[in-house]
Amino acid sequence: MDEDLRFVFLRFGTTIQCVKEKSFYLKIPAGLHFENAVCGHGWYDLPPFSFDSEARKLRYTFAIDGKKAATWTISPSKERLRIIAPAEMGRGVVENAVRRMLRLDEGFQEFYELTAGDPSLAWAAGLGAGRLLRSATVFEDLIKTICTTNCSWSLTRKMVANLTDALGAECISGNRAFPTAEAMAARSPDFYRNEIRAGYRSDYLAEVAEGVASGMIDPESWLVSDLPTPELKKELLKVKGIGTYAAEHLLKLLGRYDGLALDSWLRARFAEKHNRGRPAPDAKIARHYKKFGKWQGLAIWCDMTADWFSEKS
DNA sequence: GCGTCCAGGTCTACC
DNA sequence: GGTAGACCTGGACGC
């Protein structure tokens, strides 16, 4: 049976509540490695995601209609993914989000054929590398990307956690969803500066949220855009707070890997691995991955994170 | 505990 | 088009 319903009793603080849950299954695409798909980059470490590596469970909290939140759980079960979600959430909503987050409908065969002949990347296909986890909405990925710019990962985590705690819809378990554009647009730059600790990014967060809430910016349209990647990149660069790195990072999340999204960490890793520890000009890094064509952004990411996979395998 | 320095990516003003 | 400086935070370090 593909779908089942059950009632579970959960303790929340001092109270016990009965929750109606349903579970259903999705076929795992050939080559998908669950842990590698989840941990392929840092998103799994940011709320409203949480990952229990021992239990092999990815949890995500999502706001229904922007108000009421619910948490769902994804875990591998033989050749399938098992998804458990509150019954009140329509299966279509959850399934579409899970497909998007884990890129279940995205093909990587061409990338793996290219990497098969490269000594540094021949391992990628066998470990299902390259599936960069993404959020349920492009808006969430956009805001998180701004929070990764010009700061340490610990500060990114802090900003995203503060945003979720302060503005995200709460579900009965206490988990919170990522805030909607409307919720964020209702707050001033001072709020982001003083409460979220976003520093100079505060103006960008307020402006982007306002733009999305008012319809001036439509991040979801980027996902299905027919624009060539350079043109789409120009669109992304129009958003305040999005520069070259952030635009190319977002493009990767949108499934376009033409750009390298070079940041200081990638440059340092490249220097260490391919340039005898000396800083390499961006042009040299670009030449190194040029042969991967439209997949070069994924090629550099897999190359630079290869030891993450060897540690987990 | 306090002060100083540094890393990090983007924006703006200027050349 | 290219470049310098400002933006702001947390962490590292020295005192």
Side-chain angles (χ1 to χ4, degrees), chain A residues 41-43 45-47 132 134-135 138-167 178-179 181 184-185 187-212 216-217 219 222 229-254 256-273 275 277-287 289 296-298 300-301 303-305 308:
Chain A
H41 76 135
W43 254 214
D45 193 31
L46 299 176
L132 305 177
R134 53 188 175 186
S135 309
V138 181
F139 172 71
E140 184 177 327
D141 283 336
L142 169 61
I143 296 295
K144 284 177 173 174
T145 297
I146 292 175
C147 291
T148 66
T149 59
N150 204 20
C151 66
S152 61
W153 184 248
S154 62
L155 181 56
T156 297
R157 289 180 64 183
K158 188 169 184 176
M159 286 187 276
V160 173
N162 287 345
L163 276 174
T164 307
D165 289 345
L167 300 176
F178 194 81
M184 286 188 64
R187 299 302 183 121
S188 69
D190 281 346
F191 169 81
Y192 294 108
R193 191 168 287 108
N194 300 327
E195 305 296 326
I196 307 301
R197 311 299 295 167
Y200 70 92
R201 302 166 200 80
S202 301
D203 291 336
Y204 306 153
L205 294 179
E207 194 173 322
V208 170
E210 171 60 31
V212 175
M216 291 290 287
I217 303 171
W222 300 337
T229 303
E231 297 304 311
L232 185 56
K233 183 177 172 182
K234 284 181 188 170
E235 287 297 307
L236 304 191
L237 288 170
K238 288 178 186 171
V239 178
K240 277 277 189 68
I242 297 293
T244 305
Y245 153 76
E248 292 182 356
H249 175 72
L250 261 175
L251 284 168
K252 286 186 187 181
L253 295 180
L254 294 169
R256 302 187 189 220
Y257 309 102
D258 317 40
L260 296 176
L262 291 176
D263 61 7
S264 56
W265 185 81
L266 276 185
R267 290 186 179 98
R269 295 281 287 182
F270 182 89
E272 190 182 316
K273 188 167 183 178
N275 211 42
R278 292 173 303 183
D282 288 357
K284 182 172 184 177
I285 302 176
R287 279 199 303 276
Y289 295 100
Q296 56 187 295
L298 211 48
I300 187 174
W301 183 253
D303 191 17
M304 296 298 103
T305 59
W308 296 6

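A note on names: the letters A, B, ... follow the listed sequences, proteins ahead of strands, and every chain is numbered from 1. Since the structure is predicted, the reported quantities are computational estimates derived from the model, not experimental observations.
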*Parallel, tilted or perpendicular, as decided by the 30° and 60° cut-offs, for the rings of A:H41 and A:W301*: perpendicular
*Is a side-chain donor-acceptor pair under 3.5 Å present for A:N150 with A:Y200?*
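There is such a pair (donor and acceptor under 3.5 Å, judged by atom type) between the side chains of A:Y200 and A:N150.
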Indicate, with a heavy-atom threshold strictly under 4.0 Å, whether [X] touches base, sugar-phosphate, or nothing.
X      : value
A:T148 : nothing
A:S264 : sugar-phosphate
A:A198 : nothing

Short N-O contact, [X] and [Y], less than 4.0 angstrom:
X      : Y      : answer
A:D203 : A:R193 : yes
A:K144 : A:E140 : yes
A:R267 : A:D282 : yes

*asked:* Reading DNA chain C in the 5' to 3' direction, which nucleotide is the first one with an atom under 4.0 Å from a heavy atom of chain A, and which is the last?
replied: C:dC7 to C:dG11
*Taking only the side-chain heavy atoms of A:R201 (C-beta and beyond), determine which of B:dG8, B:dG9, B:dT12 contains the nearest atom.*
B:dG8
Starting at atom [atom1] of [X], determine the distance to atom [atom2] of [N], rounded to an integer number of angstrom.
X      : N      : atom1 : atom2 : answer
A:R157 : B:dG8  : CZ    : P     : 19 Å
A:M159 : B:dG9  : CE    : P     : 12 Å
A:L262 : B:dG9  : CG    : P     : 10 Å
A:L236 : B:dC11 : CG    : P     : 12 Å
A:Y245 : B:dA7  : OH    : C1'   : 15 Å
A:L205 : B:dT10 : CG    : C1'   : 13 Å
A:L155 : B:dC6  : CG    : C1'   : 14 Å

*Determine whether any donor atom in the side chain of A:Y200 lies under 3.5 Å from an acceptor atom in the base of B:dG9, or the reverse, and answer yes or no.*
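Yes, a donor-acceptor pair under 3.5 Å.
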*Below 4.5 Å, heavy atoms only, C-beta onward: do A:T149 and A:Y204 meet side chain to side chain?*
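Contact flag for A:T149/A:Y204 side chains = no.
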*Using a 4.5 Å cut-off on heavy atoms from C-beta on, say whether the side chain of A:W153 contacts that of A:T148.*
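SC-SC contact between A:T148 and A:W153 confirmed.
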